Amino acid sequence: MITEIAVYKPKEIESKWQNIWEKSQIYKAIDFDKRPKYYSLVMFPYPSGDLHMGHMRVYTISDVISRHRRMLGFNVLNPMGFDAFGLPAENAAIERKIPPKDWTLKNINHMKNDQLKRMGTSYDWGREVVSCNPDYYKWTQWLFLQFYKHGLAYQKEAPVNWCNKCQTVLANEQVEDGMCWRHDDTPVEKKKMRQWFLKITNYAEELLDDLDKLTGWPDRVKLMQKNWIGKSHGAELVFTVDESEDTCPRLQIPVYTTRPDTIYGVTYLVLAPEHSLVSGLTTKENKEIVEAYIKKASVLSEIERQSDSREKTGVPLGSYVINPYTGEKVPIWISDYALLDYGTGAVMGVPAHDIRDFEFAKKLKLDIKQVISIDGKESELKNAYTDPGIIVNSSQFNGLNSEDAKLKIIDYGEKEGFAKKRINYRLRDWLISRQRYWGCPIPIIYCEKCGIVPAPEENLPIVLPDNVEISGSGGSPLERAKDWVSVKCPKCNSDSKRETDTMDTFICSSFYYLRYSDATNDKEVFNKEKANYWLPVDQYVGGIEHAILHLLYSRFFTKAARDFGLVKIDEPFSNLLSQGMVTMFSPKTNKISKMSKSKGNVVGTSEFFDEYGADAARLFILFAAPPEQEVEWNKQGAIGQYRFLERIWRLFFILKEKAGLTVCDVRAFHEMPLHETPMEPPVRELYRVANYTIKSVSEDISDKKYIFNTGIARMTELVNCIYKIIQNKTSFTEIESKVLNFSITNLLKLLAPFAPHITEELWGMMGEKESIHLQKWPSFDEKALETDEVELVIQMGGKKIDVLKIKKGLPQKEIEAMAMSQEKVKIRMEGKELVKIVVVQDKIVNIVAR
RNA sequence: GCCCUUGUGGCGGAAUGGUAGACGCAACGGACUUAAAAUCCGUUGGUUUGUAUAAAGCCGUGCCAGUUCGAGUCUGGCCAAGGGCACCA
């Protein structure tokens, strides 16, 4: 009979062990330990308040990896912290009159102690970083100054993305489909403002090239970054403004093109409306329409400007340029389809061979001149012909293949001095200024005499002032902190002002993984040796939504830090796992959607943990799908995992009582090969399954695979197998006890990373004193996997006919004869001729007949 | 429009080119129970025939072709869904 003790009460044991682990500090990472290091990292969260099952997935995946590597004998660094600056804190301040700092710190406390710890995570909290604390953002500011000193931070006046809801500018990466990344209902506007940028474009080539080094990254993430960087090969061709027009000075206009082979087809030139040459090239007669057009273009939102259903617009300036290749005179236009910040801001219009130019020419009735054709003959073009072909209408280049012509045309232009090869990137510099309060102040001082003066390093941190009124409108809140803003110039001591913009919070998260290596250092951003010991991150886990944003910025920061002499590594994250979303039916969208507060489909963690435990929730979320796929939260399914744990719990006590098993008595057998010991077939089979489970789980959980769902399935099979063995038994022989012991002990170890609490509890009940999480990961007995009998599948023409149990390793001839003598085969062979027999040793025999 | 990914039972999902549907959920049946729950043991892709409690056959991994002794898996072409980029010259 099962006694009272055998009731599985997850709530009790989970909180008990969480407290014990915290006190004993078993997850502490040790700098420069002699064991090999393993840096396991999960993207640190924004402390928004309440974690739900959707958040839980990423922490669980990362935790299983950390625990497993620890058992494999690695010195594991598994840190946690908070990305604590950001807008929601300001919104809370506006809505609820709570200072952003108080709101943030309260949330951190809740998330840390009531949520993350309750999941059974194994963090080294001694390295916690909180990006809104001055001891952290001192280094954010210090790094900004390093960028500034190395010429990688600069100010520029430019049209920038503005979100009216956030009341701040945004980086290109934070604009999605023309909308603010935080507000998918708010179109981004263009505003001309003086702002701080980081020169990420200096690293465009390296950021692209080094993607090849990231063999442990998902291809789709690398591809997304590659497309984002958007390298293109082409040429810069220089057009000269026609001198015959008195109104126009003699000027040169370079254009960037990837299609120099179409140069003879140019029928106009188009400048971006904001292009600096526009006013100088506008004739008196055209002045009015040009100015009107510029004004109209400037108020267009990004979404309107990008809309592809929109028809092309533009106006002529009235002046002309000379095509350097043909000497032809073509008109200059402006149109908003030319972008100021790509290439040279000027485009050569080749309507015959570019879809956009074709549309433009049709709409505005400009000439269309064909210079490439499929067969070398001219034809009427109904659409732009953009494929390669034979060059026509192009003087000495006629008859060439257009691909070959590209190079020849550039070469010719280079000799003549009006062309050169050029590479262009879609990537733009990173706009980091934010007109917000709750962020890291930019350590810059404006002096009327000295201009831009960086704050001296010894004055860091520039602490964010408290008691600043936050209204959500009317410019940077810091502008209103008069006392804080006014400061003496560090150079000339005259009255000066602080920069009142704060930094994009993505700056804070671009080096936190480096700071973890030495999180409490108040002398340096981190100790070089410590960083070089721990970095790069061996396994990074996080959401696919950061495929570009955070991951690109962090790669950039690492390369810059390397060039500042701070670290040796080129890339911060060796392996990346992008987990899929957790979804559930949302009554708001009326379909299965990502679990989130705004969709109204959130399942909190506490309620489920109270009833069924964190272990069951962890198991379900890992079991329901492979990590990269979406998972739909399903309470019944999660209860299924709870039942699995209960089954193990009960099994443990059944064995303990019925068989009088105490595992510690037989510890010597845990990993001892037993395959030569005589066993009854069912026991032998259990021993085989137990070893197979060790092998499979080890493989599934390894860094080659990370498929936790199949690993859990194998453990379930082992438990099912043990239940079959012990069915209707009241006592066990010595060898049975040994095998059962072997199975249970190893099962607990295999399950420990997945379900850390229940395994720790049962492990303790075996009389073990040391935590299961400090045990060695089990190995298996290779010989035990072997079987004497195998199932032989008989196929005819590839279709399964029958299955036979045969002895393993029979010679091919014997297998063939056996197959042919089967009744089912004989019937089917009647009136047919044998063509051939294919035998796959111990697996399949396929009879082909005609 | 361009690029990428994915299509397998009622559901989530398994399957080094070699027995499709492991494992779980749901459903159903049996044992235990006065009963129910829980538990333990089973059944469960579709369909036809049958001695309908034993068995046997056919079809089946989005659709159409192809390669192969053999295709969920490889190749080509469609269709559908999801994601990324999108006037980047």
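For clarity, every value in this text was computed on a predicted model and none was experimentally measured. Letters A, B, ... are given to chains in the order of the sequence lines, protein chains preceding strands, and every chain is numbered from 1.
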Please report the distance separating the [atom1] of [N] from the corresponding atom of [M], rounded so that it comes out in whole Å.
N     : M     : atom1 : answer
B/G12 : B/A22 : C1'   : 13 Å
B/A55 : B/G50 : C1'   : 8 Å
B/C41 : B/G46 : P     : 24 Å
B/U75 : B/G9  : P     : 22 Å
B/G29 : B/A81 : C1'   : 38 Å
B/C23 : B/G45 : P     : 12 Å
B/C3  : B/C58 : C1'   : 43 Å
B/C74 : B/U16 : P     : 11 Å

Is the backbone N or O of [Y] less than 3.5 Å from a side-chain atom of [X], with the two atoms forming a donor-acceptor pair by type?
X      : Y      : answer
A/D802 : A/I794 : no
A/H353 : A/V371 : yes
A/Y293 : A/T313 : yes

Closest to the [X] side chain, choosing from [options]:
X      : options             : result
A/Q636 : B/A20, B/C3, B/A26  : B/A26
A/T710 : B/C25, B/U19, B/A14 : B/A14
A/Q641 : B/A14, B/A89, B/G24 : B/G24
A/Y256 : B/G24, B/A89, B/C85 : B/A89
A/A338 : B/A89, B/G57, B/A20 : B/A89

If you count the non-hydrogen atoms of other residues, nucleotides and ligands that lie under 6.0 Å from NZ in A/K11, is the total more than 12?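 No, because the 6.0 Å sphere around NZ of A/K11 holds 12 heavy atoms or fewer from other groups.
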
Mind checking [X] for me? I need base, sugar-phosphate or nothing, with any heavy atom below 4.0 Å counting as a touch.
X      : value
A/Q629 : sugar-phosphate
A/G640 : sugar-phosphate
A/Q795 : base
A/R850 : nothing

Glycosidic class, syn or anti, of B/G21 using a 90° window around 0: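 Nucleotide B/G21 adopts anti.
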
Kindly state which residues belonging to residues 837-844 of chain A come within less than 4.0 angstrom of RNA chain B, counting heavy atoms of the residue only, listed by number.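 Listed by number, they are A/V838, A/V840, A/K843, A/I844.
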
Nearest-Å distance for atom pair [atom1]/[atom2], residues [X] and [N]:
X      : N     : atom1 : atom2 : result
A/E173 : B/G84 : CD    : P     : 15 Å
A/Y642 : B/G24 : OH    : P     : 18 Å
A/W228 : B/G83 : CH2   : P     : 17 Å
A/H546 : B/G84 : NE2   : P     : 14 Å
A/N227 : B/U5  : CG    : P     : 12 Å
A/F644 : B/G24 : CZ    : C1'   : 11 Å
A/Y342 : B/C85 : OH    : P     : 17 Å
A/K635 : B/C11 : NZ    : C1'   : 19 Å

Scan nucleotides 38-46 of chain B nucleotide by nucleotide, 5' to 3', and note B when protein non-hydrogen atoms come under 4.0 Å of the base, S if they reach only the sugar-phosphate, - if neither. -SSSS----

Carboxylate-amine/guanidinium proximity below 4.0 Å for A/E205 and A/K231: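 Salt bridge present between A/E205 and A/K231.
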
Indicate whether OP1 or OP2 belonging to [N] is found under 4.0 Å from a side-chain N or O atom of [X].
X      : N     : value
A/N424 : B/A89 : no
A/K799 : B/C59 : yes
A/R426 : B/A86 : yes
A/S232 : B/A89 : yes

A/I332 and A/L271, any side-chain heavy atoms less than 4.5 Å apart: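 Result yes, sub-4.5 Å side-chain heavy-atom pair found.
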
For A/L223, what residues pass the side chain to side chain contact (heavy atoms under 4.5 Å, CB included) criterion, not counting sequence neighbours?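 A/L223 satisfies side chain to side chain contact (heavy atoms under 4.5 Å, CB included) with A/N227 once adjacent residues are dropped.
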
Of A/E717 and A/I544, the one whose closest RNA chain B nucleotide lies more 5':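 Mapping each residue to its closest nucleotide by heavy atoms, the 5'-most match is A/E717.
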
Using salt bridge (Lys or Arg N to Asp or Glu O under 4.0 Å) as the criterion, list what pairs up with [X], not counting sequence neighbours.
X      : value
A/D341 : A/R428
A/R647 : none
A/K599 : none

Determine which pairs satisfy salt bridge (Lys or Arg N to Asp or Glu O under 4.0 Å) with at least one residue from residues 543-552 of chain A, sequence neighbours left out, and list them in order.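 As it turns out, there is no salt bridge (Lys or Arg N to Asp or Glu O under 4.0 Å) pair with a partner in residues 543-552 of chain A once direct neighbours are skipped.
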
Could a donor-acceptor pair under 3.5 angstrom be found where the side chain of A/N846 meets the base of B/C69?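 Yes, the side chain and the base share a sub-3.5 Å donor-acceptor pair.
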
I'd like to know if A/R714 reaches the base of B/A22 with its side chain such that a donor and an acceptor end up less than 3.5 angstrom apart.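 Under the 3.5 Å cut-off, the side chain and the base do form a donor-acceptor pair.
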
RNA chain B: stems of at least 3 consecutive Watson-Crick or G-U pairs, cut-off 3.5 Å?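 RNA chain B forms these stems: B:1-7 with B:79-85, B:10-12 with B:23-25, B:27-31 with B:39-43, B:45-49 with B:55-59, B:62-66 with B:74-78.
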
Pair up each side-chain donor or acceptor in residues 707-714 of chain A with any protein partner under 3.5 Å, not counting sequence neighbours, and list the distances.
unit_1	atom_1	unit_2	atom_2	d
A/T710	OG1	A/D700	OD2	2.9
A/T710	OG1	A/I707	O	3.1
A/R714	NE	A/E717	OE1	2.7
A/R714	NH2	A/E717	OE2	3.3

Identify, with sequence neighbours excluded, every residue that meets side-chain hydrogen bond (donor to acceptor under 3.5 Å, both in side chains) alongside A/T201.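 Applying side-chain hydrogen bond (donor to acceptor under 3.5 Å, both in side chains) to A/T201 gives A/D429.
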
For A/T344, side-chain hydrogen bond (donor to acceptor under 3.5 Å, both in side chains) partners two or more places apart: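 Once residues adjacent in sequence are excluded, A/T344 has no partner under the side-chain hydrogen bond (donor to acceptor under 3.5 Å, both in side chains) criterion.
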
Could you list all the side-chain hydrogen bond (donor to acceptor under 3.5 Å, both in side chains) pairs where at least one residue sits in residues 625-638 of chain A, not counting sequence neighbours?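 side-chain hydrogen bond (donor to acceptor under 3.5 Å, both in side chains) check on residues 625-638 of chain A returns no pairs.
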
